[in-house]
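A note on names: the letters A, B, ... follow the listed sequences, proteins ahead of strands, and every chain is numbered from 1. Here the structure is a predicted model, which is why all the values come from computation and not from measurement.
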Amino acid sequence: MNTNLPITEADLQAYIDGRLAHGRCAEIEAWLATRADEAERVAQLRSQRDALRALYDPVLGEPVPERLTRVAQRVPRSRGIALAAGWAALGAVAGVLAGWQLHSVQASRMPPLSEGASIARSAAVAHATYSPEVRHPVEVGADQQAHLVAWLSKRLGAPVRAPVLDAAGLSLVGGRLLPGEGDPAAGPQPAPVAQFMYQGSKGQRVTLYVRTETRDHGETAFRFAREGSVSVFYWIDRKFGYALSSGDLDRAELLRLANLVYRQLNP
Amino acid sequence: MDERQAIVDLIPRLRRYARALVGDRSAADDLVQDTLERAWAKFHLYRGGTDLRAWLFTVMHNVHVNRVRAQRPTDAITDDLPEMAQRAAQGDSLMVRDMDRALAKLPEEQREVLLLVALEDMSYEEAARALGIPVGTVMSRLSRARERLRATMLETPASAKLTVVK
């Protein structure tokens, strides 16, 4: 059906791009049939479009250079947090990758599942045991921080540090020494473990569990686990295994905190 | 997670567009890389559920415009031969090679519109959004780009052009 609308240059462009409704298309074709010059120009522009595709479409089939896929493997900053929180909110089971990567290059490395699960469980148990303590939450208080750190470093046989989490509203209460895991009958005595305790203004407590590893695992991604009512983010950084536990913070907050701890330990 | 995969899936299209936009392969991939870096840095500005492809092309447009602006002093010199020499390597027929060179002669803003529409198959509204310009401007730039490309192709037969490069 003829609409009798004047044919504009925009109509011709849309005709070339195949973006006209059928009826309008027929009108353009009828119009072009009476104008040889215009018809030839439009035909040339259509083949121009085809030539462009012929020239550049092969790029689509080329292998993507590694430097580009590497960039794309990174997790966008703010989305990474939202993503991990989303995973956690789904009630992710213990040991599910939180979607957060400590280090893009080594992101694919994960702690062996048994080791990771064991640090998460031990940390959660230690958290549940000591964080409700009113009178004796720690062995050495934050007022003797230099002594605390020196003592724990000596007992662990490696330099440990207590991150400063005041920016997140948590102050250091102090720390304690815990027995290492493992079966004493199976071999040498496992190295003891350190626990730092932090407290927020509402009394909520967060503990950082620090273990020395028997070998260098490189770096691993953050993993999230839930043990009873305790949430844990854990990771391994070279010769240390870390687990950050809380019974109060939601997972997004805990993840943010884990990231803060990680950055402080790796300035 | 899905968005990350979606971005990875879009890399070939970003590369196709970048190749047509800047010609040289490694310069095009540099543009894609800068675009991806910037997309990550600005990802909080992307509104989930909206058109990710359009958003990425907007990011690429901004990165490209900034680069062109920064390079402007040298542009006058590379107006003709050096760029043509770079571009001559690709393509498999004289006609296609000619098209490539003619494309390089278009003003940036016309080339972008033409490529988003003809190569990326964006609707005029999508191209307008990606470039931050009115649809009417898309239409006029598209028309001028096509006409100019056609005129260049008609006036410079492949053989003549090749002797110039040499």
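Under 4.0 Å is where a charged nitrogen must lie from a carboxylate oxygen, and between A/D57 and B/R13 no such pair does. Comment: B/R146 engages A/D17 in a salt bridge, judged by a side-chain N to carboxylate O separation of less than 4.0 angstrom. A salt bridge is absent between B/R144 and A/E9; no separation between the charged side-chain nitrogens and carboxylate oxygens falls under 4.0 Å.
The candidate from B/G136, B/S140, B/S143 with the greatest count of non-hydrogen atom pairs under 4.5 Å with chain A is B/S143. Counting heavy-atom pairs closer than 4.5 Å to chain A, the top-ranked of the candidates B/L14, B/V32, B/L114, B/L119 is B/L119. When B/D29, B/I11, B/L115 are compared by the number of non-hydrogen pairs under 4.5 Å with chain A, B/D29 comes out ahead.
Heavy atoms from other residues, nucleotides or ligands lying under 6.0 Å from CG of A/D37 number 12 at most. Within a 6.0 Å sphere centred on CD of A/E29, heavy atoms belonging to other residues, nucleotides or ligands number more than 12.
The salt bridge (charged side-chain N to carboxylate O under 4.0 Å, His left out) pairs that include a residue from residues 133-142 of chain B number zero, where partners must be two or more places apart or lie in different chains.
Within the 4.5 angstrom heavy-atom criterion, no atom of A/L12 approaches chain B. There is no contact between A/P58 and chain B, counting heavy-atom distances below 4.5 Å. Both the backbone and the side chain of A/R53 come within contact range of chain B, with heavy atoms under 4.5 Å apart. Proximity to chain A is absent for every atom of B/D34, based on heavy atoms less than 4.5 angstrom apart.
A heavy-atom distance below 4.5 Å is not found between the side chains of B/L36 and A/R67. Taking the side chain as every heavy atom from C-beta outward, A/Y56 and B/L103 approach each other to under 4.5 Å. Between A/E62 and B/R19 the shortest side-chain heavy-atom distance falls below 4.5 Å. Counting heavy atoms from C-beta outward, B/Q33 and A/P65 have side chains that stay 4.5 Å or more apart.
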(request) Would you check, one step at a time, whether the test side-chain contact (heavy atoms from CB on, under 4.5 Å) holds for B/M153 with A/Q48? (result) CA-CA 9 Å; B/M153 297 284 284; A/Q48 179 192 92; 5.6 Å; no

(request) Dump the intermediate steps for side-chain contact (heavy atoms from CB on, under 4.5 Å) on A/T8 and B/M139, then the final yes or no. (result) CA-CA 11 Å; A/T8 65; B/M139 297 313 293; over 6 Å; no

(request) Could you walk me through whether A/R19 and B/D121 pass side-chain contact (heavy atoms from CB on, under 4.5 Å), step by step? (result) CA-CA 10 Å; A/R19 297 199 169 273; B/D121 230 356; 4.0 Å; yes

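Of all non-hydrogen atoms in B/P12 and A/V59, the two that sit nearest each other are O-CG1, 4.5 Å. Taking all atoms of both residues into account, the shortest heavy-atom contact from B/Y124 to A/Q13 is OH-O, 3.2 Å.
With sequence neighbours left out, B/R129 forms a salt bridge (charged side-chain N to carboxylate O under 4.0 Å, His left out) with no residue at all.
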